[in-house]
Q: 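Before we start, here is the structure in question, set down as structure tokens.
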Amino acid sequence: MMDQNHHSDKTTEAQPSEKRKTRNCCNGFKMFLAALSLSFISKALGAIIMKSSITQIERRFDISSSTVGLIDGSFEIGNLLVIVFVSYFGAKLHRPKLIGIGCIVMGTGSILTALPHFFMGYYRYSKDTTFNPSENSTLNLPTCSINQSLLPNRTSLEVVEKGWEKDSGSYMWIYVLMGNMLRGIGETPIGPLGISYIDDFAEEGHSSLYLGNLLAVTMIGPIIGFVLVSQFSKMYVDIGYVDLSTIRITPKDSRWVGAWWLGFLAAGLISIISSIPFFFLPKTLDKPNKEKKASASSISLPMKNEEKSQMASLTKTGQNVTDTITGFLQSLKSILTNPLYVLTLFLTLLQASSHIGSVTYVFKYVEQQYGNSASETSILLGFITIPSLAAGMFTGGFIVKKFKFTLVGIAKFSLCTHLMSFLFHLLNFALICENKSVAGLTLTYDGNNPVASHVNVPLSYCNSDCNCDPTQWEPLCGSNGITYISPCLAGCTSSTGSKKSIVFHNCSCVEENGFQSKNNSMKLGECPKSDDCRRKFYIYIVVQILTLFSAALGSTSNIMLIFKNVEPELKSLAMGFHSLTIRTLGGIPAPIYFGALIDRACMKWSINNYGKQGSCRIYNSLLYGHTFFGLTTGLKFPALVLFVVLIFAMKKKYQGKDIKASENETKAVNEANSGPLINDVKVDHETHI
């Protein structure tokens with residue numbers, strides 16, 4: 001009787017203990033899920049801030065679009081440096097701590113990106129404007145001064161440069177490149193290790209739900225990013241350091257630079273804060289009860305047997321490594337000799353390159369083509385991009401599941417969505433605005449006749465004796481709707497007022513219908529875009545929504561094509577190699593060659609203090625539009641052709657077979673998700689779209 005009571009007491013004591021362990025397991029898992037959600041948000045936030053700040057960085061560091069493309073691609077370079085290490089060793093080490101370290105490195109990279117702002121001195125948007133921390137700003141805009149030399153003006157500039165003022169160009173942009181590369185290194189372990197941890201310790205059948213919630217919560221990052229960039233772009237870059245009342249340019253000016261560095265500081269701090277919980281989480285969590293029962297016998301084995309097995313495994317380490325390398329090479333050969341996988345790999349590479357190039361320079365395109373400020377562009381593109389992509393991905397996944405497509409059906413659905421996106425994309429060619437009327441670039445300096453080339457346009461009778469600096473960019477808008485490069489080149493001989501209210505008078509190059517204008521006074525600033533161009537802008541917004549929606553519609557089916565056309569045991573390797581290819585051949589070179597071709601559309605470059613080419617002030621709108629959309633079209637069309645080839649190849653292989661895509665779909669996705677690179681591909685694919 002006493003033994004029975006004693007046994008019942010032990011049982012009642014064991015039950016609370018077991019419940020306490022289960023509760024601790026759940027609490028630890030929930031804590032990990034919350035911390036991972038915050039890290040995913042900070043990761044997406046940093047990516048959006050970088051993409052949205054491309055134009056600001058280009059102007060601040062006085063660099064070309066191709067150089068900015070190199071900076072943008074450095075993120076993928078950093079990712080590739082450690083992706084193999086993370087993929088192989090990550091699951092064997094303390095995953096939460098590795099993710100925490102990754103968040104710290106990612107945050108440090110964002111902060112390093114912002115640091116050059118504090119060492120570069122004040123931003124000089126004009127060679128004739130100087131800022132002194134102990135005095136108010138001084139304005140010295142040269143007008144048409146007949147028979148006077150520019151030498152005194154240049155000498156005064158040299159004195160300023162040798163004093164407190166630091167050059168805004170130089171090579172400080174290398175720190176931005178290093179910071180972005182560091183951000184790529186830190187981002188690498190977050191996706192694959194975090195999702196594999198969830199898959200290992202979530203309750204059976206619940207991992208898909210957790211992953212869906214995680215990706216949904218991640219969308220908070222881009223929303224915050226677009227809002228922050230929009231607000232910071234309104235603020236002048238040197239806010240808090242200079243008297244803002246003395247700044248004569250506006251956010252719509254091609255020289256305006258907002259407080260781009262604030263976004264990177266915010267993203268860096270959030271990343272570092274998100275790392276804290278990971279250092280308090282265990283390496284492993286208690287597995288669900290079913291798994292415990294299944295492994296109970298192995299736990300009850302004697303300790304000596306476990307030690308013997310460990311010793312035996314150590315003696316076979318060399319042989320295991322050889323077998324692993326041989327097996328890896330054989331598996332790699334197997335997927336690379338699979339024609340269906342290779343076709344899918346190439347067509348998704350073309351798609352990804354098109355998406356990456358478009359996303360990198362779409363902010364710049366909208367600003368230059370339609371005359372919007374960086375703030376307006378950021379909030380607008382954020383407002384249309386996120387809902388369009390989310391709706392497209394949800395609808396695409398629902399359609400595939402609802403109609404239970406065969407593998408060939410999935411390929412046909414992907415072809416249809418890509419064709420829709422391609423056709424909507426072609427509409428952009430009709431929405432390119434005409435070039436602005438700019439005296440000295442698209443017209444002669446008197447504004448009467450068009451010119452064949454913007455290079456070395458000869459001076460006119462109205463400014464040939466003014467001794468103007470041809471490198472100056474201080475645009476004015478005439479009453480005739482023509483933009484003039486500078487007061488001197490417009491033939492203005494005097495000015496009144498100061499700062500933003502300055503007015504230039506007696507501008508001899510301002511003519512209407514071949515006669516000198518009666519109102520030949522002008523204010524600073526480019527002439528606005530035409531009403532026709534503004535109407536095209538509203539249509540462009542609608543076209544973008546349709547293009548993004550149709551592209552996202554096929555994103556789920558594209559991923560399924562990658563791992564369903566290979567052997568089941570090779571799914572993880574197939575997705576991993578796909579990720580490596582997209583990053584290496586798409587993520588790194590695409591921003592560079594897009595930027596290099598866009599640079600060819602520039603009509604007026606800034607000249608830095610060393611006499612070297614800086615950033616572009618104004619583009620040829622027609623050439624910019626045709627280059628930008630022509631390049632994306634040149635990448636999208638071959639992908640369409642490859643889709644057709646893929647469908648015929650799949651029909652030939654699966655002829656007479658009725659393989660449903662939904663069959664064992666959950667199992668297939670979970671197997672692919674167990675690979676170290678698949679999760680990174682999903683997040684990366686969504687970001688690039």
Side-chain angles (χ1 to χ4, degrees), residues 39-40 42-54 57 61 63 66-90 93 97-116 171-194 221 225 261 263-265 267-272 274-275 352-353 356-357 359-360 576-595 676-677 679-688:
S39 66
F40 265 64
S42 64
K43 182 175 72 167
L45 173 64
I48 290 298
I49 287 176
M50 173 54 75
K51 293 291 185 184
S52 304
S53 302
I54 286 292
I57 292 172
F61 294 92
I63 52 180
S66 56
T67 305
V68 172
L70 176 62
I71 292 174
D72 186 69
S74 65
F75 177 85
E76 305 293 353
I77 296 174
N79 207 291
L80 289 173
L81 289 175
V82 295
I83 197 168
V84 175
F85 172 83
V86 169
S87 300
Y88 186 76
F89 294 103
L93 302 175
K97 286 186 177 179
L98 274 181
I99 295 172
I101 293 171
C103 289
I104 292 176
V105 173
M106 185 169 64
T108 304
S110 294
I111 294 173
L112 177 61
T113 302
L115 279 184
Y171 293 97
M172 294 293 284
W173 59 268
I174 294 177
Y175 289 97
V176 180
L177 184 145
M178 292 172 60
N180 201 36
M181 187 184 296
L182 203 59
R183 194 170 64 85
I185 293 173
E187 185 261 359
T188 306
I190 297 174
L193 298 188
W261 49 278
F264 289 101
L265 287 181
L269 291 175
I270 293 175
S271 296
I272 292 174
S274 69
S275 71
S353 298
I356 294 166
V359 170
T360 303
F577 187 79
H578 177 266
S579 172
L580 187 68
T581 303
I582 296 298
R583 289 181 179 277
T584 306
L585 302 180
I588 298 173
I592 298 175
Y593 62 72
F594 263 81
L677 297 175
N679 307 298
D680 197 33
V681 175
K682 288 183 179 179
V683 177
D684 185 59
H685 180 72
E686 292 165 9
T687 302
H688 287 322

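Just so we're clear, the structure is a prediction, and the values are computed from it rather than from any experiment.
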Q: Looking only at non-hydrogen atoms, find the nearest pair between Ile356 and Ala590 and report the distance.
A: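 Scanning both residues, the minimum pair turns out to be CG2-CB, 4.2 Å.
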Q: At their closest point, which heavy atom of Gly107 faces which heavy atom of Ile272, and how far apart are they?
A: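 Minimum heavy-atom contact is CA-CG1, 4.1 Å.
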Q: Taking Asn180 for its side chain and Ile71 for its backbone only, find out whether a donor-acceptor pair lies under 3.5 Å.
A: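 Between the backbone of Ile71 and the side chain of Asn180 there is a qualifying donor-acceptor contact (under 3.5 Å).
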Q: What heavy-atom pair brings Ser275 and Cys103 nearest, and what distance separates the two atoms?
A: CB-CB, 3.5 Å
Q: If you measure from CG on Leu45 to OG on Ser274, what distance do you get to the nearest 0.5 Å?
A: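 Between atom CG of Leu45 and atom OG of Ser274 there are 10.5 Å.
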Q: Does Ser53 have any side-chain hydrogen bond (donor to acceptor under 3.5 Å, both in side chains) partners at least two apart in sequence or in another chain, and if so, which?
A: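 So Ser53 forms no side-chain hydrogen bond (donor to acceptor under 3.5 Å, both in side chains) with any residue.
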Q: Quick one: do Lys51 and Asp72 satisfy side-chain contact (heavy atoms from CB on, under 4.5 Å)? Show the steps, please.
A: CA-CA 8 Å; Lys51 293 291 185 184; Asp72 186 69; 2.8 Å; yes
Q: Out of curiosity, Leu265 CG to Ile270 CD1, how far, rounded to the nearest 0.5 Å?
A: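 Going from CG on Leu265 over to CD1 on Ile270, the span is 11.0 Å.
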Q: So how far is it from Met172 CE to Phe61 CZ, rounded to the nearest 0.5 Å?
A: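 Atom-to-atom, Met172:CE and Phe61:CZ are 7.0 Å apart.
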Q: Please report the closest heavy-atom contact between Ile54 and Thr360, naming both atoms and the distance.
A: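 For Ile54 and Thr360, the tightest heavy-atom pair comes out as CG1-O, 4.0 Å.
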Q: Please identify each residue that fulfils side-chain hydrogen bond (donor to acceptor under 3.5 Å, both in side chains) with Thr108, with sequence neighbours left out.
A: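 By the side-chain hydrogen bond (donor to acceptor under 3.5 Å, both in side chains) rule, Thr108 matches no residue at all.
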Q: Quick one: CD1 on Ile49 to CZ on Phe264, what's the gap to the nearest 0.5 Å?
A: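 Result: 6.5 Å between the selected atoms.
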Q: Which atom names give the shortest non-hydrogen contact between Trp173 and Ile63, and what distance separates them?
A: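 That would be CD1-CG2, 3.7 Å.
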Q: Using the side chain to side chain contact (heavy atoms under 4.5 Å, CB included) rule, pick out the option among Val176, Leu182, Ile588, Leu177 that qualifies with Ser74.
A: Leu177
Q: After noting the C-alpha distance and the side-chain angles of Met50 and Ile57, does the key distance pass the side-chain contact (heavy atoms from CB on, under 4.5 Å) rule?
A: CA-CA 9 Å; Met50 173 54 75; Ile57 292 172; 4.2 Å; yes
Q: Minimum heavy-atom separation for Ser42 to Met106, with atom names?
A: OG-CE, 3.7 Å
Q: Starting at CZ of Arg583, measure out to CG of Leu80 and round the result to the nearest 0.5 Å.
A: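 Rounded to the nearest 0.5 Å, the CZ-CG separation comes out at 7.0 Å.
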Q: Can you tell me how far NZ of Lys97 sits from CD1 of Ile101, rounded to the nearest 0.5 angstrom?
A: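 So the CD1 of Ile101 and the NZ of Lys97 are separated by 8.5 Å.
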Q: Please tell me if the side chains of Asn79 and Ile185 come closer than 4.5 Å, counting only heavy atoms from C-beta onward.
A: no
